[in-house]
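In what follows, a single structure is set out as structure tokens and then discussed.
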Amino acid sequence: MATLEDPLEIGGCELPNRLYRAPLLECAGNGPDAVETLIDDLEPAAASGVGLICQGATIVRGEGGCAAPGMTRVNDPAFVSRLSELTDRIHDHGSRIFVQLEHGGLRSMETWHAEFREEHPDLEQLAVSRPPWQLRALDRAGFLHYDPHVLSTEEVYDLAADFGRAAAYTADAGYDGIHLSGANMGIVQQFLSPFYNRREDEFGGSPENRLRFLQVVHDEIRERAGDVPLMTKVPAETPAPPIVRRKISLTDGVEISRRLERIGYDAVVPVQTSVTWDMSIVRGEYPERAWENEAMQEGYATAFGGRWRTRLVAAANRVQSLQYTLEGPWNEDFCRRVRDQVSIPVLAEGGIRERAEMDRLLGEGSADTNPACDMVGMARPFYAEPRLGARLLELEGSLEQTRRTENARVLCESCNNCTVPQVTGAPGICRTPSVLRERGELEKAGAYDRSDSA
């Protein structure tokens with residue numbers, strides 16, 4: 001059975017170990033400091049020995065499609081070419097970097113961000129189909145704003161081509177692979193989901209037709225970017241509220257993964273996610289510190305359209321924190337079911353917090369149970385400890401080979417105080433004093449140092 005330190009190959013790309021930094025919001029944008037911001041965010045994980053860095057979702061078009069402020073767009077080859085400085089820095093440490101490609105569709109900022117809508121009054125959301133009645137009800141109630149443009153068949157092919165072009169630009173800039181954002185309510189999930197997809201053309205109806213968009217995206221990427229490694233998240237909409245009857249089940253998600261392997265995808269990341277933006281994605285504690293931060297109130301009001309709307313969103317956040325408890329790793333069963341049915345690598349993320357959990361998921365020391373995955377990842381813990389890999393991996397060049405034990409655990413408390421401020425455009429950083437104090441103590445003790453790091 002594999003260990004965390006063992007290498008892994010994805011689509012011909014050799015990864016030095018099986019720990020990855022899952023996609024996060026870097027809030028780097030496309031301005032003059034964008035590349036340096038990305039380097040500051042992503043290089044520490046590579047320097048700490050993490051085998052694969054997954055850059056957070058980047059948008060394949062020049063306008064619209066951003067789910068949050070500060071997302072980076074990769075539609076402009078001149079800008080993307082500058083990202084070779086980032087990929088070179090990651091490669092200097094022996095790590096590999098994949099870029100996540102995305103379009104938000106109905107989840108885009110033009111749906112929920114009040115100031116963004118005012119500044120872009122003519123910008124429509126791209127939609128797979130007319131929004132479901134549940135979302136239209138929220139529109140009528142004033143909580144969301146929908147002005148959707150339902151894609152024609154020809155426009156679906158055009159959007160897939162944009163994914164292909166972005167993949168080619170990023171591959172030319174030195175990225176080692178492409179990671180499609182196939183979940184978290186982005187447009188790929190909207191094509192896959194019977195909740196969103198009510199189309200009557202070749203991209204709707206049967207499960208095979210709902211998968212066709214990922215087939216066309218695959219073909220576009222292969223035509224434009226060659227054999228670059230390609231993986232995607234695969235959603236199961238099990239956390240969706242009971243009012244949602246049409247959704248992707250775990251069984252559906254396993255079948256989607258099997259078909260993706262036949263299409264030619266090189267790896268999959270099975271995740272359980274709802275049909276709306278909620279805490280099924282970032283499970284854990286209610287972020288009281290973030291919501292009560294007086295310095296953030298103006299930004300929240302700007303984003304949500306006023307103080308009372310902010311209080312309503314915070315109240316919904318509190319209810320969801322009770323519904324979606326951490327109880328990680330929450331994608332384990334889904335990953336295990338998929339891995340039993342495919343031969344391509346399966347990556348697991350979602351609530352993984354201990355080295356012992358990682359070993360168990362990879363099957364280390366277990367002769368009776370098949371591994372749940374081939375690689376394990378975390379997201380929010382890297383906000384808390386940017387150089388986290390040094391504490392979890394036994395690596396050549398580590399200054400303290402014995403520091404990794406079966407009891408090694410991340411500092412992240414899953415409090416979510418890092419995530420809520422991002423609606424204002426604030427960077428994704430840990431803001432929890434107890435975690436920052438402990439990280440400072442570990443830094444002083446040299447816990448994150450490696451003798452061969454830059």
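All values below come from the heavy atoms of this structure, side chains included, with hydrogens, waters and symmetry mates left out.
By the 6.0 Å contact criterion, CZ on Arg245 is open, its count of non-hydrogen atoms from other residues, nucleotides or ligands being 12 or less. Annotation for Asp158: atom CG counts as buried by contact number, over 12 foreign heavy atoms lying within 6.0 Å. Heavy-atom contacts from other residues, nucleotides or ligands closer than 6.0 Å to CD of Gln320 number more than 12. No more than 12 heavy atoms of other residues, nucleotides or ligands shown are found within 6.0 angstrom of CZ on Arg130. Around atom CD of Glu63, no more than 12 heavy atoms belonging to other residues, nucleotides or ligands sit under 6.0 Å away.
Electrostatic pairing of Asp162 and Arg165 counts as a salt bridge here, judged by a charged N lying under 4.0 Å from a carboxylate O. In this structure, Asp252 does not pair ionically with Arg259, as no charged nitrogen and carboxylate oxygen lie closer than 4.0 Å.
Evaluation of the side-chain hydrogen bond (donor to acceptor under 3.5 Å, both in side chains) rule for Asn331 yields no partner, not counting sequence neighbours. Not counting sequence neighbours, the partners of Ser206 by the side-chain hydrogen bond (donor to acceptor under 3.5 Å, both in side chains) test are Glu208. When the ring-ring contact (aromatic ring centres under 6.0 Å, His included) test is applied to Phe143, no partner is found at least two apart in sequence or on another chain. The side-chain contact (heavy atoms from CB on, under 4.5 Å) test applied to Ala426 returns Met296, Pro421, Thr424, Arg431, not counting sequence neighbours.
Proximity of a side-chain donor or acceptor of Arg107 to a complementary backbone N or O of Cys66 within less than 3.5 Å is not detected. Arg337 places no side-chain N or O within 3.5 Å of a backbone atom of Thr251 that could act as its donor or acceptor partner. Using a distance-only test at 3.5 Å, with no hydrogens or angles considered, a donor-acceptor pair links the side chain of Arg18 to the main chain of Asp374. Judged by distance alone, with hydrogens and angles left aside, the side-chain atoms of Asn197 form a donor-acceptor pair with the main-chain N or O of Phe203 at under 3.5 Å. In this structure, the side chain of Glu110 does not engage the main chain of Gln125 through any donor-acceptor pair within 3.5 Å. Not a single donor-acceptor pair under 3.5 Å links the side chain of Arg224 to the backbone N or O of Ile221. At least one donor-acceptor pair under 3.5 Å links the side chain of Gln190 to the backbone N or O of Leu106. One N or O on the side chain of Asn417 and one on the backbone of Ala290 form a donor-acceptor pair closer than 3.5 Å. In this structure a side-chain-to-backbone donor-acceptor pair under 3.5 Å is present from Thr170 to Ala166. A distance-only check finds no donor-acceptor pair linking the side chain of Thr37 to the backbone of Ala28 [under 3.5 Å].
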Using distance only, find each side-chain donor-acceptor pair of residues 340-353 under 3.5 Å and give its atom names and separation, not counting sequence neighbours.
from, atom 1, to, atom 2, distance (Å)
Ser343, OG, Glu261, OE2, 2.3
Glu349, OE1, Tyr20, OH, 2.5
Glu349, OE2, Lys233, NZ, 3.0
Arg353, NE, Ser414, OG, 3.3
Arg353, NH2, Ser414, OG, 3.3

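Taking all atoms of both residues into account, the shortest heavy-atom contact from Leu25 to Tyr383 is O-OH, 2.8 Å.
Considering only heavy atoms from C-beta on, Asp176 comes within 4.5 Å of His91 through its side chain.
A donor atom on one side chain and an acceptor atom on the other are not found under 3.5 Å apart for Thr432 and Glu413. No donor-acceptor contact under 3.5 angstrom links the side chains of Ser152 and Glu154, judged on distance only.
Note on residues 247-269: pairs passing ring-ring contact (aromatic ring centres under 6.0 Å, His included), not counting sequence neighbours, are His218-Tyr265.
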